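One structure below.
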Amino acid sequence: NTIFFRGSSTGYSPSNTTPSELNRNTRIHAVRATLDRPGWDVRLVNTVQLRADVKKFVASSYMGKVATLCTFARHKAVLDLDGNSNSWRGFFTKLHMRSIVFKVESSYRQWFYHRLIRHKHFVPINLTEDVVNTLPLRLSDYTPTDLKTSPIDELSYDWMRDAIVRWWDRYLRHVMVHTGAFRIGS
């Protein structure tokens, strides 16, 4: 049981390689906080928006192999980290993978966030020492064996499936109305 993440170093651009400065970038902080910790596989795959000296340091210490969406989907638990803005399709896609999505708290919002229920569709977390040390050990807490309770991964998948159907239906209606293929009231 590991909590998995791969992504770029987008977000705040550290001005030097001191730990406090590096940790101002959420993604670099996540890698540093979970480095060599059991139950975590969190790495960067690309260094962007960094000064040359910081980029060299980050590249030498925090890089991992690029992962496909299939690789993400093979993990029972995935981490979602915002960068310059919300992770856009990353969170949306992870919710659809039948994985437990641990979303690092952020002020960024996406158009569908208000429809999600915390601890039902995803698990919000802060990257504190306690969370880093205990969360992988508690993964079973998020997959109830009680048949009366649906696991969080299935609930998020069901929500995404329904959201995609609703969005597609609205999109098709919009296209049909605006192209003249379908006229309301005719």
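It should be emphasised that the depicted structure is a prediction, and the values quoted were computed from it without experimental measurement. Position 1 is the first residue of the sequence, and the numbers go up from there.
For the atom pair CZ of Phe122 and CD1 of Ile117, the computed distance is 10.0 Å after rounding to the nearest 0.5 Å. With rounding to the nearest 0.5 Å, the separation of CD in Gln49 from OG in Ser8 is 8.5 Å. In this structure, Leu116 CG and Lys103 NZ are separated by 10.0 Å, a value rounded to the nearest 0.5 Å. Going from atom SG of Cys70 over to atom CE of Met97 covers 8.0 Å, rounded to the nearest 0.5 Å. Atom CD1 of Ile28 sits about 11.5 Å away from atom CG of Leu81, to the nearest 0.5 Å. Put simply, OG1 on Thr26 and CD on Glu105 are 11.5 Å apart, with the number rounded to the nearest 0.5 Å.
The shortest non-hydrogen separation linking Pro136 to Gly39 is CB-CA, 3.6 Å. The minimum heavy-atom distance between Leu79 and Ala30, with the atom names listed, is CD2-CB, 4.4 Å. Scanning both residues, Ala77 and Ser99, for their nearest heavy atoms gives N-CB, 4.5 Å. Closest approach of Val132 and Ala33 over heavy atoms only: CG1-O, 3.1 Å. The two atoms that bring Leu22 and Val54 nearest to each other are CD2-CG1, 4.1 Å, heavy atoms only. Here the closest heavy-atom approach between residue Ala59 and residue Thr47 is recorded as N-CG2, 4.2 Å.
Ring to ring, Phe72 and Phe4 are close: their centroids are under 6.0 angstrom apart. Ring pair Phe91/Tyr113: centre-to-centre distance below 6.0 Å.
Arg27 places none of its side-chain heavy atoms less than 4.5 Å from the side chain of Ser9. For the pair Val123/Ile100, a side-chain contact is recorded, criterion being any heavy-atom separation below 4.5 Å from C-beta on. Contact check for Lys65 versus Val45: no side-chain heavy atoms found under the 4.5 Å cut-off. For the pair Val66 and Arg6, the minimum side-chain heavy-atom distance is 4.5 Å or more. Thr34 has its side chain out of reach of Asp36: every pair of non-hydrogen atoms, C-beta onward, lies at least 4.5 Å apart. Looking only at side-chain heavy atoms (C-beta outward), Val104 and Asp80 stay at 4.5 Å or farther from each other.
When hydrophobic clusters are built by joining Ile, Leu, Val, Met, Phe, Trp and Tyr residues whose side-chain heavy atoms come closer than 4.5 Å, directly or via intermediates, Val31 is not grouped with Val48. Clustering ILVMFWY residues whenever any of their side-chain heavy atoms sit less than 4.5 angstrom apart, transitively, puts Trp111 in the very cluster that holds Leu95. Leu127 and Tyr12 fall into different hydrophobic clusters, where Ile, Leu, Val, Met, Phe, Trp and Tyr residues are linked whenever their side-chain heavy atoms come under 4.5 Å apart, directly or through other members. Hydrophobic clustering places Phe102 together with Leu35 (ILVMFWY residues linked when any side-chain heavy atoms are closer than 4.5 Å, directly or through intermediates).
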- Message: Would Ile3 and Leu135 count as a side chain to side chain contact (heavy atoms under 4.5 Å, CB included) here? Give the steps.
- Response: CA-CA 9 Å; Ile3 301 169; Leu135 190 58; 3.7 Å; yes
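Phe112 and Phe92 have perpendicular rings, their planes meeting at more than 60° on a 0 to 90° scale where under 30° would count as parallel.
Counting only N and O atoms by type, the side chains of Asn23 and Arg32 include a donor and acceptor under 3.5 Å apart. Side-chain atoms of Thr128 and Asn126 form no donor-acceptor pair, as typed in the model, at a separation below 3.5 Å. Side chain to side chain, Ser15 and Glu21 meet the donor-acceptor criterion of an N or O pair below 3.5 Å. Tyr62 and Arg43 form no side-chain donor-acceptor contact under 3.5 Å, judged by distance and modelled atom types alone.
Listed for the Asn133 side chain is a donor-acceptor partner under 3.5 Å among the backbone atoms of Glu129. Formation of a donor-acceptor pair under 3.5 Å by the Asn25 side chain with backbone atoms of Ser13 is not found in this model. Under the 3.5 Å distance criterion, the side-chain polar atoms of Ser60 are matched with a main-chain donor or acceptor of Phe57.
For the salt bridge (charged side-chain N to carboxylate O under 4.0 Å, His left out) with Asp53, the qualifying choice from Arg51, Lys56, Lys55 is Arg51, the only one to do so.
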